Amino acid sequence: MEIVIVEKKTFEALLAATETLVGKVGALCRRCNDKQMQKWLDGQEVCRLLRINPRTLQTLRDNRMIAFTRVNRKFYFRPEEVERLLKEAALLQSGREDT
């Protein structure tokens with residue numbers, strides 16, 4: 001076990017730097033939360049919401065009908081994209097009922 005002796009002024013400077021770092025990390029966390037990154041949906045949730053199977057979702061991705069982000073081997077979708085597809089499907093459904 002080692003004992004390190006530090007001057008009081010140096011220790012207080014270290015504490016002040018640590019407080020500054022904590023404040024900056026907190027600001028970054030708030031900024032990320034404002035961008036709603038935590039609200040992205042994974043493929044399973046999208047399939048459940050749209051009532052489609054994973055292969056249909058893959059076709060939507062392949063045909064660029066839905067925007068996505070890929071992180072490692074998993075796909076994520078914005079809730080706005082899912083809502084857009086739901087609205088388009090409702091419009092198509094109402095158009096079919098009119099004819």
Side-chain angles (χ1 to χ4, degrees):
M1 181 168 124
E2 288 185 44
I3 298 176
V4 178
I5 299 175
V6 179
E7 290 181 9
K8 182 178 179 181
K9 187 167 55 171
T10 306
F11 181 71
E12 288 173 352
L14 179 64
L15 285 178
T18 304
E19 297 246 346
T20 303
L21 179 63
V22 167
K24 288 182 179 183
V25 169
L28 284 172
C29 287
R30 283 188 298 278
R31 191 175 354 164
C32 286
N33 286 339
D34 290 345
K35 292 184 178 179
Q36 300 177 355
M37 293 296 289
Q38 73 276 10
K39 293 187 180 181
W40 285 54
L41 304 171
D42 67 359
Q44 185 176 5
E45 291 171 317
V46 173
C47 287
R48 184 179 49 79
L49 290 170
L50 295 176
R51 296 182 184 152
I52 59 175
N53 61 30
R55 179 65 183 122
T56 304
L57 183 59
Q58 181 180 346
T59 302
L60 291 174
R61 283 194 327 259
D62 292 344
N63 293 336
R64 299 177 189 249
M65 296 178 72
I66 186 168
F68 63 92
T69 297
R70 183 175 174 185
V71 178
N72 292 331
R73 300 176 83 185
K74 195 164 184 177
F75 295 94
Y76 293 94
F77 305 85
R78 289 184 180 157
E80 299 86 29
E81 285 292 313
V82 176
E83 289 175 19
R84 182 184 59 78
L85 281 177
L86 285 170
K87 288 177 184 175
E88 287 179 8
L91 287 174
L92 286 174
Q93 188 68 23
S94 67
R96 288 181 188 159
E97 291 174 358
D98 291 343
T99 57

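Side-chain atoms are counted along with the backbone in the values below, which use heavy atoms only and exclude waters and symmetry mates. Quick caveat: nothing in here was measured; it's all calculated off a predicted structure.
For the pair Thr56 (side chain) and Ile52 (backbone), a donor-acceptor distance under 3.5 Å is absent. The closest donor-acceptor contact from the side chain of Glu12 to the backbone of Lys9 lies at 3.5 Å or more, if one exists at all. Checked by atom type and distance alone, the side chain of Asn53 pairs as donor or acceptor with a backbone atom of Arg55 at under 3.5 Å. Remark: side-chain polar atoms of Arg64 are not paired, donor with acceptor, to backbone N or O of Ile66 under 3.5 angstrom.
Taking a 6.0 Å sphere around CD of Glu88, one finds it holds more than 12 heavy atoms contributed by other residues, nucleotides or ligands.
Atoms CZ and CG, on Arg70 and Asn72 in that order, are 8.5 Å from each other to the nearest 0.5 Å. We find the CH2-CD distance between Trp40 and Glu80 to be 8.5 Å, quoted to the nearest 0.5 Å. With values rounded to the nearest 0.5 angstrom, Glu19 atom CD is found 10.5 Å from Leu21 atom CG. Between the CG atom of Leu60 and the CZ atom of Phe77 there is a distance of 8.5 Å, given to the nearest 0.5 Å. The line from CG of Asp42 to CZ of Arg48 is 9.0 Å long, rounded to the nearest 0.5 Å.
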Could you please spell out the steps behind the side-chain contact (heavy atoms from CB on, under 4.5 Å) verdict for Val71 and Tyr76? CA-CA 8 Å; Val71 178; Tyr76 293 94; 3.9 Å; yes

side-chain contact (heavy atoms from CB on, under 4.5 Å) for Leu85 and Val46? Distances and angles first, verdict last. CA-CA 10 Å; Leu85 281 177; Val46 173; over 6 Å; no

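When all heavy atoms of Phe11 and Val6 are compared, the closest pair comes out as N-CG1, 3.9 Å. Contact detail for Lys39 and Pro79: the closest heavy-atom pair is O-CG, 3.2 Å.
Relative orientation of the Phe68 and Phe75 rings is perpendicular, given thresholds of 30° and 60° on the angle between their planes.
A salt bridge does not link Arg78 to Glu81: none of the charged side-chain nitrogens sits closer than 4.0 Å to a carboxylate oxygen. The residues Glu83 and Lys87 are annotated as not salt-bridged, no charged nitrogen and carboxylate oxygen being separated by less than 4.0 angstrom.
Between the side chains of Asp62 and Thr59, not a single donor N or O lies within less than 3.5 Å of an accepting N or O.
Think of Leu91 as one node in a network of Ile, Leu, Val, Met, Phe, Trp and Tyr side chains linked at under 4.5 Å; it has no links at all.
The hydrophobic clustering, which links ILVMFWY residues whose side-chain heavy atoms are closer than 4.5 Å, places Leu15 and Val4 together.
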